[in-house]
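Below, chain A is the first sequence line, B the second, and so on; all start at residue 1.
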Number of protein chains: 2
Amino acid sequence: MPFVRTELVVLCVAQGELQVLLSRRAEEPHAGKLGLPGGVLRIDEDATLEGAAQRVARERLGRELPNLHQLCAVGGAERDPRAPWALSVVYRSLVQPELAVTPGKRVQALEWRAVGGLADHGPLAFDHGELIDKAVEATRAQIEALDYPPGWVQEPFTLPELQAFSAAVLGRELDKVTFRRRVEATGQVEALQGEMRSGGAHRPAQLYRFAGC
Amino acid sequence: MPFVRTELVVLCVAQGELQVLLSRRAEEPHAGKLGLPGGVLRIDEDATLEGAAQRVARERLGRELPNLHQLCAVGGAERDPRAPWALSVVYRSLVQPELAVTPGKRVQALEWRAVGGLADHGPLAFDHGELIDKAVEATRAQIEALDYPPGWVQEPFTLPELQAFSAAVLGRELDKVTFRRRVEATGQVEALQGEMRSGGAHRPAQLYRFAGC
DNA sequence: TCAAAAGTGTTTGGGTTACACCCATGG
DNA sequence: CCATGGGTGTAACCCAAACACTTTTGA
């Protein structure tokens with residue numbers, strides 16, 4: 001039977017850009033390179049695949065992950081020199097930028113890196129570059145469809161804030177009018193009557209929260 | 001390490017309906033029930049996950065499958081009583097209705113079943129019902145986007161034929177004008193000058209083939 | 001008073017839908 | 001000639017994009 005692992009693609013929006021959580025690998029193979037946090041499946045501890053991913057998150061990042069979606073499985077005989085056959089099940093998660101992650105065992109350091117221009121910092125370990133691309137694509141499709149993962153933006157929020165987050169994920173500007181109309185048409189947000197956010201030298205913004213909370 | 005298998009969701013259009021290839025299980029667990037064809041990953045024979053799926057297809061169905069797409073991976077401690085932990089990587093494929101499948105080892109019989117009303121024939125083995133639903137959903141999204149798998153329809157074909165196949169996959173009628181315009185706009189089909197299909201008591205239809213063949 | 005950002009109304013254009021109509025063939 | 005299905009033109013409609021404009025605040 002093959003050597004089975006779980007890899008995590010953890011994304012967030014910070015500094016107006018989509019970022020991915022990477023770790024500097026301490027051990028071979030690919031020691032010194034940046035790679036996705038991951039870990040071996042433990043059939044004595046994990047009840048399900050997603051449970052395994054959450055355990056790996058606890059061990060490596062110090063906490064569980066919200067909005068965990070399975071991305072794909074990759075595997076082959078030549079994938080990992082530590083085993084004759086290696087299989088990885090990859091999960092993605094979109095988290096709040098304020099997520100506190102604490103490096104865990106066998107992780108030298110955790111770093112947020114903007115997904116644009118990742119190639120500038122040298123090659124990533126294994127095929128992790130392609131996995132990140134796939135995760136970004138799936139996440140963008142989700143946000144494009146206004147399918148907001150619960151708990152991603154802290155409530156209450158304003159529509160311009162939601163628009164800015166969405167634009168950061170998508171990597172392109174969004175039209176204000178179109179965005180407002182599309183979001184309001186979905187019916188998933190409701191205005192908080194009388195509550196505003198007065199942030200600067202401009203008109204305060206209406207606060208919203210997701211309906212059904 | 002877990003027990004790793006590959007399962008195949010093979011779909012085709014026949015009798016104007018989307019059908020799935022199922023096998024009557026000869027052995028426990030779930031003996032006698034209908035289930036997806038599948039097989040165990042062989043790390044000594046298979047170089048990749050997709051290679052494993054193709055080997056399973058050769059052994060169980062007597063041929064390789066075109067348009068093979070990975071659907072998901074499912075796994076857990078309670079998944080299969082034959083092992084303490086079982087993991088399945090699921091693939092889907094859309095094939096021509098004329099595909100000849102010959103039952104292989106450990107498969108009593110292969111049957112095409114319409115995906116509508118599958119529940120009427122008793123429960124399926126494992127979670128194969130849910131896997132079929134996911135495969136149908138993914139296939140419908142692909143056809144909805146006019147992303148036709150190469151070799152799915154035999155060329156040459158007429159646009160009404162392509163429309164009928166698409167409608168069968170999607171499970172709903174399609175507007176003739178809209179369908180023609182959308183297909184022609186993609187530029188992936190080209191008319192065969194002067195070639196027509198005269199099938200009945202009506203005007204013959206223009207024959208097409210996919211561009212870039 | 002002004003700059004800046006929130007929020008609204010209007011127009012434009014692309015693409016889908018619906019409908020009417022013509023075309024070509026077999027019976 | 002007529003029924004049948006292939007193929008085309010036109011108008012209505014929906015939605016997103018672009019633009020102009022008003023509103024409200026802090027400086």
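- We find that NE2 of H202(A) is positioned 12 Å from C1' of dA27(D), with the value rounded to whole Å.
- The two residues G39(A) and R60(A) have their closest heavy-atom pair at CA-NH2, 3.9 Å.
- When the C1' atom of dC15(D) is taken as reference, atom CG of D175(A) falls 12 Å away, rounded to whole Å.
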Acceptor/donor pairs from residues 71-79 of chain A side chains to any protein atom, 3.5 angstrom cut, sequence neighbours excluded:
| residue | atom | partner | partner atom | Å |
| --- | --- | --- | --- | --- |
| R79(A) | NH1 | D127(A) | OD1 | 3.0 |
| R79(A) | NH1 | D127(A) | OD2 | 2.8 |
| R79(A) | NH2 | D127(A) | OD1 | 3.1 |

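- The outermost nucleotides of DNA chain C lying under 4.0 Å from heavy atoms of chain B, listed 5' to 3', are dT16(C) to dG26(C).
- Scored by the side-chain contact (heavy atoms from CB on, under 4.5 Å) test, R181(A) finds V177(A) as partners (sequence neighbours excluded).
- In this structure, E17(A) contributes its side chain and V115(A) its backbone to no donor-acceptor pair below 3.5 Å.
- For Q163(A) (side chain) and L174(A) (main-chain N/O), a donor-acceptor pair under 3.5 Å exists by modelled atom type.
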Measure all distances between protein nitrogen or oxygen atoms and nitrogen or oxygen atoms of nucleotides 7-12 of chain D, and list the pairs falling under 3.5 Å.
| residue | atom | partner | partner atom | Å |
| --- | --- | --- | --- | --- |
| dG7(D) | OP1 | Q206(B) | N | 2.4 |
| dG7(D) | OP2 | R180(B) | NH1 | 3.1 |
| dG7(D) | N7 | K176(B) | NZ | 2.7 |
| dG7(D) | O6 | K176(B) | NZ | 2.8 |
| dT10(D) | O4 | R181(B) | NH2 | 2.8 |

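- The nearest whole Å value for the distance from the CZ atom in R197(A) to the C1' atom in dT24(D) is 17 Å.
- Between W152(B) and F165(B), the ring-plane angle classifies as perpendicular under the 30° and 60° cut-offs.
- Note on S198(B): nothing from the nucleic acid sits closer than 4.0 angstrom, heavy atoms only.
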Which side-chain N or O atoms in residues 194-202 of chain A pair as donor and acceptor under 3.5 Å with protein atoms at least two apart or in another chain?
| residue | atom | partner | partner atom | Å |
| --- | --- | --- | --- | --- |
| R197(A) | NH1 | E161(A) | OE1 | 2.9 |
| R197(A) | NH1 | E161(A) | OE2 | 2.3 |
| R197(A) | NH2 | P156(A) | O | 3.4 |

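- Listed by first and then second residue, the salt bridge (Lys or Arg N to Asp or Glu O under 4.0 Å) pairs that reach into residues 128-153 of chain A are E144(A)-R172(A), sequence neighbours excluded.
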